[in-house]
Amino acid sequence: MTPLRPASHIPMDTLLSELAFRRREAEKMGGEAAVARQHAAGRLTVRERIRALGDPDSFSELAALTGTGAYDADQTLRGVTPAPYVCGTVRIAGRTTVVGGEDFTVRGGTTFSAPRRKGGQGGLTEDFAYHYRLPLVNLVDGAGGGVGSIEQRGHTVFPGVHGFERSVALLSRSPVASAVLGTAAGGPAGRAILSHFSVMVRGGSQIFAAGPPVVKRSLGHAVDKEDLGGAAVAVDEAGTIHNAADSEADALHQIRRFLSFMPQNVWEPPPVEECDDPIGRYEESLRGILPKSRNQPFDVRRVISLIVDQGSEFEIQPTYGKSVVTMLARFGGRPAGVIANNPMVYAGAMDDRSARKHVRFMQLCDTFHIPIVFLVDVPGFMVGIRAEKRATLLEGMRVVHAAAQLTVPTATVVLRKCYGMAGMATCNKNGVDYKLAWPTGEWGSLPIEGGVAAAYRREIAAAPDPTAKEAEIEARMRPYASPFRTAEAFAVEDIIDPAETRPVLCGLIELAAARIHHDLGPRRGPGGFIP
Amino acid sequence: MANGEILAPVSGSVWKIECTEGQAVSEGDTLMILESMKMEIPVEAPVSGTIASLTVKEGDPVEEDAVLGVVTT
């Protein structure tokens, strides 16, 4: 064996050419054949994904040299297989963001066993985002560690040695967005969930607690990975992942869109953009947007699109818990979260899923000091045997609980119905509790119809014609349901012309800005952000 | 294209049936209206085709996802 000379005796040129060689090796990822296989599967490589995510030429790589070197017997370097994780920073719309993702072309993106991890929970990317208070984007394409490492170690590892503590702590400091771009289980799947926003490719990616082989072994069921954890399950049915994308490019675009509403961290205010849509824009069409009958649904997304800065909406969880609509949007260039009941699904009633979605979205807004606009048309919690079996009351009260803990300014506009405890979830009693209503607003602990039958049961039963008696009592009470009577009593703060909804809300969101500026920092109260 | 089951989008009662067996329908046509949470909830044709059967009548209570009929393509 030739003794190695100390590195200082090697000419700088030689050292630099080795550095350049090692960097080129990293660029090759798993090699030509593996990259071709990734492309043939309709997938981008992790480096292509990072380039597509960031502004042009903005990728600044971290830890590119990590890998497994192959050496001749005389210690001459033959090549380096890079670690199956690529990370660094990119700029997104000019703002620095940490990004990292498994490299599926290297050993299927499995965990790289080194004293320090590049990616994964507690890895360098999370530390970097935490330390420099930067957003983090996870490009998930792997199933985490396998049992193969047991033989290397000679022992099994207690769960949580590589724990999620840093992933969790990050959620109360910086925005975390994850794209699931392959099949995710284990640690990478866990980190996709521990995000403020997650997206997966419909038909192109899957996520689950355990994949088909484990299901087969545990239950004896043969299942297809798409049936088990495709977007139809993980996004539409379960809401595990927020949004589905048509392609990898769309998924990365959605992450850029999401981050455009987010501050870099909780110590900064949400980013204000130039706005050419006049904040004073009256929208007369809103006067006729509700159907003539109060028993018919309407398209609340249309209402939102007429109120917010034109084209600024970014909907979160559009296919899950559809009786409520949750969107990030802008008013006069300032980000706000819009939570609107959707009368086209369950008549707008809050069910277990829409309740869960409602809570997650409020927490997101509250964590990043984004004011919330509630557009209310809610008949109450969903009722019936099916709803009770799904713990609608529990999930619904969790919304009330979360609303009661909001610290961010809110504005409530009752478009039509606002009933019961589901109605309570649409305003914030801790702030100025500023509730506005269109003249079509109606509210109560429960609607007069039905409510009358219960409250006046004996009187109705004793009447010669009970149906007529019930109608008579309802007719007697109907005038009291006028929103103007409530405004007279100062139990709702104001009634507005639907056409002036945008100017009024733009004004309130602008007012919120000063308050938000003074309230910056981690959200008070226990728990922080829970996904 | 497979036959389409007409499914109840929400628990409620059948308020009004606006189609008959044997009728030709287009995807998205309103076939019946449920009453749920005091609202009129339209039930749309899942596919274009002919109404092969209707398994409910006006006034019937239905649970979410109940089959209300079938459209054959």
Side-chain angles (χ1 to χ4, degrees), chain A residues 236-237 290-300 319 321-324 341-354 377-390 392 396 415-420 422-423 442-444 446-454 474 481, chain B residues 1-20 23-49 51-73:
Chain A
D236 307 342
E237 188 76 18
L290 296 186
K292 291 207 169 55
S293 162
R294 52 195 281 278
N295 300 331
Q296 288 172 350
F298 63 93
D299 183 2
V300 77
T319 60
K322 292 190 282 188
S323 67
V324 71
N341 309 110
N342 176 12
M344 293 177 79
V345 176
Y346 296 156
M350 185 180 283
D351 71 332
D352 55 319
R353 292 177 186 181
S354 55
D377 182 24
V378 66
F381 292 151
M382 189 64 205
V383 305
I385 290 174
R386 190 178 171 118
E388 301 299 347
K389 283 184 177 172
R390 290 178 173 185
T392 302
L415 309 185
R416 200 162 61 171
K417 300 172 186 176
C418 182
Y419 286 105
E442 50 171 292
W443 37 67
L446 75 171
I448 289 175
E449 321 90 306
V452 163
E474 280 188 15
Chain B
M1 188 92 184
N3 294 347
E5 288 184 331
I6 305 165
L7 300 179
V10 60
S11 300
S13 309
V14 179
W15 185 58
K16 211 192 270 183
I17 296 182
E18 299 187 332
C19 63
T20 52
Q23 185 184 326
V25 295
S26 301
E27 184 181 337
D29 283 357
T30 297
L31 304 182
M32 57 183 86
I33 295 173
L34 304 185
E35 188 189 356
S36 175
M37 304 302 289
K38 303 180 189 77
M39 289 272 281
E40 299 163 22
I41 311 290
V43 180
E44 297 177 348
V47 290
S48 298
I51 308 264
S53 64
L54 292 173
T55 50
V56 289
K57 56 184 192 306
E58 289 180 1
D60 281 358
V62 294
E63 281 293 337
E64 184 180 347
D65 292 334
V67 178
L68 311 175
V70 174
V71 179
T72 48
T73 52

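Not measured: the values here are computed from a predicted model. Each chain gets a letter, A, B and so on, in the order the sequences are listed, and its residues count up from 1.
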Could you go step by step and tell me if Val324(A) and Met350(A) meet the side-chain contact (heavy atoms from CB on, under 4.5 Å) rule?
CA-CA 7 Å; Val324(A) 71; Met350(A) 185 180 283; over 6 Å; no
Hey, mind stepping through Leu68(B) and Leu31(B) against side-chain contact (heavy atoms from CB on, under 4.5 Å) and telling me if it holds?
CA-CA 10 Å; Leu68(B) 311 175; Leu31(B) 304 182; over 6 Å; no
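Not counting sequence neighbours, the partners of Ala453(A) by the side-chain contact (heavy atoms from CB on, under 4.5 Å) test are Glu470(A). By the side-chain contact (heavy atoms from CB on, under 4.5 Å) test, Ser26(B) pairs with Asp29(B), Ser48(B), sequence neighbours left out.
Taking both residues in full, the closest heavy atoms of Pro379(A) and Ala349(A) are given as CD-N, 3.6 Å, listed atom of the first, atom of the second, then distance. Residue Val47(B) comes nearest to Val71(B) through the heavy atom pair O-CG1, 3.7 Å, listed as atom of the first residue, atom of the second, then distance.
Contact tally against chain A (heavy-atom pairs below 4.5 Å) for Val10(B), Ile33(B), Leu34(B): the top residue is Val10(B).
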Under 3.5 Å, which donor-acceptor pairs link chain B and chain A? Put them in a table for me, please.
{"from": "Glu40(B)", "atom 1": "N", "to": "Asn295(A)", "atom 2": "O", "distance (Å)": "2.6"}
{"from": "Glu40(B)", "atom 1": "OE1", "to": "Gln296(A)", "atom 2": "NE2", "distance (Å)": "3.1"}
{"from": "Glu64(B)", "atom 1": "O", "to": "Arg386(A)", "atom 2": "NH1", "distance (Å)": "3.0"}
{"from": "Glu64(B)", "atom 1": "OE1", "to": "Tyr346(A)", "atom 2": "OH", "distance (Å)": "2.8"}
{"from": "Glu64(B)", "atom 1": "OE1", "to": "Arg386(A)", "atom 2": "NE", "distance (Å)": "3.4"}
{"from": "Glu64(B)", "atom 1": "OE2", "to": "Tyr346(A)", "atom 2": "OH", "distance (Å)": "2.5"}
{"from": "Asp65(B)", "atom 1": "OD2", "to": "Arg386(A)", "atom 2": "NH2", "distance (Å)": "3.1"}

